[in-house]
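Residue numbers start from 1 in every chain, and the chains themselves are labelled A, B, ... in the order their sequence lines are given, proteins ahead of strands. Small disclaimer: the values here were computed from a predicted structure and weren't measured.
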Number of protein chains: 2
Amino acid sequence: MGAERADEAAGEWAEVAPDAAQRLVGAAVEAFAERGYHATTTRDIAGRAGMSPAALYIHYKTKEELLYRISVTGHERALKIMAAAAGAEGTAADRLCCAVRAFASWHAERHTTARIIQYELKALGEEHYAEIADLRRQTDRLLREIIQDGADAGEFTVRDVPGTTLAVLSLCVDVARWFTADGKRTPDQVGELYADLVLGMVGARRP
Amino acid sequence: MGAERADEAAGEWAEVAPDAAQRLVGAAVEAFAERGYHATTTRDIAGRAGMSPAALYIHYKTKEELLYRISVTGHERALKIMAAAAGAEGTAADRLCCAVRAFASWHAERHTTARIIQYELKALGEEHYAEIADLRRQTDRLLREIIQDGADAGEFTVRDVPGTTLAVLSLCVDVARWFTADGKRTPDQVGELYADLVLGMVGARRP
DNA sequence: AAGACCCCTAAGCGCTTGCTCAGTGCTGGG
DNA sequence: CCCAGCACTGAGCAAGCGCTTAGGGGTCTT
């Protein structure tokens with residue numbers, strides 16, 4: 001039984017109560033990330049949490065609600081990270097560097113959660129999707145403003161601000177696809193590497 | 001019935017014979033890209049191809065074989081594009097520019113196929129996966145060699161060649177996730193933008 | 001005209017899916 | 001000591017899944 005690993009994964013969801021609901025969301029994150037939403041069964045989730053299939057429905061109305069909760073929480077955390085960087089003091093280059101480092105390393109550190117929120121969007125119900133899409137637009141806007149600021153200030157050389165924003169976001173998000181804990185890079189190293197590469201993209205590489 | 005659209009998608013698979021097998025692979029590409037492999041039913045594929053569910057099994061042994069055929073063909077095309085750029089004449093910057101432009105724009109142009117081959121890898125059987133993984137390693141190696149050449153020649157400023165290779169590949173691949181035909185950028189424009197951004201990443205932006 | 005071959009369908013098999021519900025044990029207030 | 005309320009389970013339902021099978025109709029060769 002993988003119940004111990006599910007408990008580990010649940011650590012990220014410490015504020016979820018009661019305990020059984022927390023174990024379930026941890027198990028779901030693990031299973032969705034490993035196999036994908038559609039390939040994961042409610043029996044599998046319940047089994048990883050050490051419970052019977054029926055127990056899941058005491059805490060969550062449907063399997064989709066579980067995905068939705070994971071998506072909302074994950075997107076809120078990602079947005080918070082981006083907002084912290086965007087609201088920091090310093091030059092546009094400082095803020096961009098900080099944003100990319102934090103955003104990319106989060107996608108590595110929490111690559112299970114990140115994989116779900118980035119690659120299972122289509123499995124959400126229509127209303128839930130709309131809610132998530134709004135959080136994503138906010139994240140995009142924050143990053144675009146940093147890049148726009150840098151371009152306006154002459155710090156950056158950017159030919160296409162929305163396009164560059166899209167590319168930077170895409171680069172960071174895709175970390176969740178390829179990153180594995182047993183690879184040769186730590187999340188911090190990924191963040192460092194990516195911050196440097198992105199500064200190059202906008203023509204503002206630090207010396 | 002979506003049979004006409006499936007026919008359209010099948011155009012990319014013109015060399016597949018007989019005609020029914022071609023329509024089926026076109027329908028499968030469309031369905032897998034739209035809903036994902038696990039959420040697509042054999043009835044859906046057959047329906048889009050204008051046939052009964054049983055007809056699928058005359059041309060393909062299993063649903064997984066359909067995914068495998070799409071994956072092999074797609075990866076071979078992607079590899080061919082990378083190989084053409086890597087084998088071209090010119091400086092490392094020329095070749096990198098050419099590689100990224102072609103690779104990124106292919107992922108936009110053929111975003112349905114690309115989405116499947118990049119995001120449904122885990123749904124392949126073990127042996128099929130191993131075969132595909134080999135094609136992916138070849139693509140990675142070709143790009144890494146271009147970047148290494150540029151670094152060796154002093155054309156590029158790269159602190160981490162494997163890491164930068166990974167990032168460039170990741171950037172291009174992820175085009176398949178966000179690109180839609182009704183967006184404001186054409187595949188060629190995406191290729192152009194990305195080539196410019198990547199040259200910035202390696203510190204070799206053209207004037 | 002007859003037979004062989006191929007492509008296809010209608011029907012359906014065995015299984016798994018998301019989800020439900022009656023009932024069980026455990027806990028805490030009176 | 002009792003009983004209400006809660007978390008949970010065992011059993012199972014209806015629906016849908018991947019895939020199989022028996023057989024029908026074209027077309028081509030002989």
Side-chain angles (χ1 to χ4, degrees), chain A residues 1 3 6-7 10 13 16-32 34-71 116 120 122-128, chain B residues 1-3 6-7 10 13 16-32 34-71 116 120 122-126 128:
Chain A
M1 219 161 283
D7 285 349
W13 304 86
V16 179
D19 174 70
Q22 183 184 135
R23 263 158 48 222
L24 282 166
V25 77
V29 166
E30 199 184 289
F32 290 163
E34 208 170 278
R35 314 227 237 261
Y37 175 79
H38 288 292
T40 299
T41 68
T42 53
R43 281 164 238 265
D44 183 19
I45 297 169
R48 285 177 198 245
M51 306 161 83
S52 83
L56 194 152
Y57 293 92
I58 293 163
H59 302 282
Y60 300 95
K61 255 188 351 212
T62 61
K63 175 178 148 188
E64 193 267 351
E65 195 198 326
L66 218 24
L67 175 64
Y68 167 67
R69 301 258 210 215
I70 294 164
S71 276
I116 298 163
E120 301 291 355
K122 284 177 302 185
L124 287 166
E126 210 166 321
E127 289 176 29
H128 287 164
Chain B
M1 217 160 287
D7 285 350
W13 304 86
V16 178
D19 175 70
Q22 183 184 135
R23 262 156 50 220
L24 282 165
V25 78
V29 166
E30 200 184 289
F32 290 163
E34 208 170 278
R35 313 227 239 259
Y37 175 78
H38 288 292
T40 299
T41 69
T42 53
R43 282 167 239 265
D44 184 19
I45 298 168
R48 285 177 197 245
M51 307 162 81
S52 80
L56 193 152
Y57 294 91
I58 293 162
H59 302 283
Y60 302 95
K61 257 194 340 220
T62 61
K63 176 177 146 186
E64 193 267 351
E65 194 198 325
L66 217 25
L67 175 63
Y68 167 67
R69 301 257 211 217
I70 293 165
S71 276
I116 297 163
E120 301 291 355
K122 282 176 303 187
L124 287 165
E126 210 166 321
H128 287 164

Q) Expressed in angstrom and rounded to an integer, what is the separation of B:L66 atom CG from D:dG18 atom P? A) 12 Å
Q: Ignoring backbone atoms, test whether B:T42 places a side-chain nitrogen or oxygen under 4.0 Å from the OP1 or OP2 oxygen of D:dG18.
A: yes
Q.
Quick check for you: to the nearest 0.5 Å, what is the distance between A:I116 atom CD1 and A:I70 atom CD1?
A. 5.0 Å
Q) From C:dC8, D:dC8, C:dC19, pick the nucleotide closest to the side chain of A:A20? A) D:dC8
Q) If you round to the nearest 0.5 Å, how far is CD1 of A:I45 from CD of A:E30? A) 10.5 Å
Q) Which one, D:dT9, D:dC19, C:dC8, comes nearest to the side chain of B:M51? A) C:dC8
Q) Could you state the CZ-C1' distance from B:R23 to C:dC8, rounded to the nearest angstrom? A) 11 Å
Q: Provide, to the nearest angstrom, the distance between the CD atom belonging to B:E64 and the P atom belonging to D:dC17.
A: 19 Å
Q. For the pair made of NZ in A:K63 and P in D:dA15, what is the distance, rounded to whole Å?
A. 19 Å
Q: To the nearest Å, give me how far apart OH (B:Y60) and P (C:dC7) are.
A: 12 Å
Q) Would you say C:dT17 has OP1 or OP2 under 4.0 Å from some side-chain N or O of A:H38? A) no
Q. Expressed in angstrom and rounded to an integer, what is the separation of A:Y57 atom OH from C:dC19 atom C1'?
A. 5 Å
Q) Are A:R23 and A:M51 close enough, and set up right, to give a side-chain contact (heavy atoms from CB on, under 4.5 Å), and what steps lead you there? A) CA-CA 10 Å; A:R23 263 158 48 222; A:M51 306 161 83; 3.6 Å; yes
(Q) Mind checking if B:T41 touches a base, just sugar-phosphate, or nothing, with heavy atoms under 4.0 Å? (A) sugar-phosphate
(Q) For A:R43 and A:A54, find the nucleotide of DNA chain C closest to each by heavy atoms; which residue's nucleotide sits nearer the 5' end? (A) A:R43
Q. Among B:T42, B:L67, B:V25, which one satisfies side chain to side chain contact (heavy atoms under 4.5 Å, CB included) with B:Y60?
A. B:V25
Q: Whole angstrom is fine here: how far is it from CG in A:L56 over to C1' in C:dG18?
A: 10 Å
**Q.** Straight-line distance of A:K63 NZ to A:F32 CZ, nearest 0.5 Å
**A.** 6.0 Å
Q.
What is the distance, to the nearest angstrom, from the CD1 atom on B:I58 to the P atom on C:dC8?
A. 6 Å
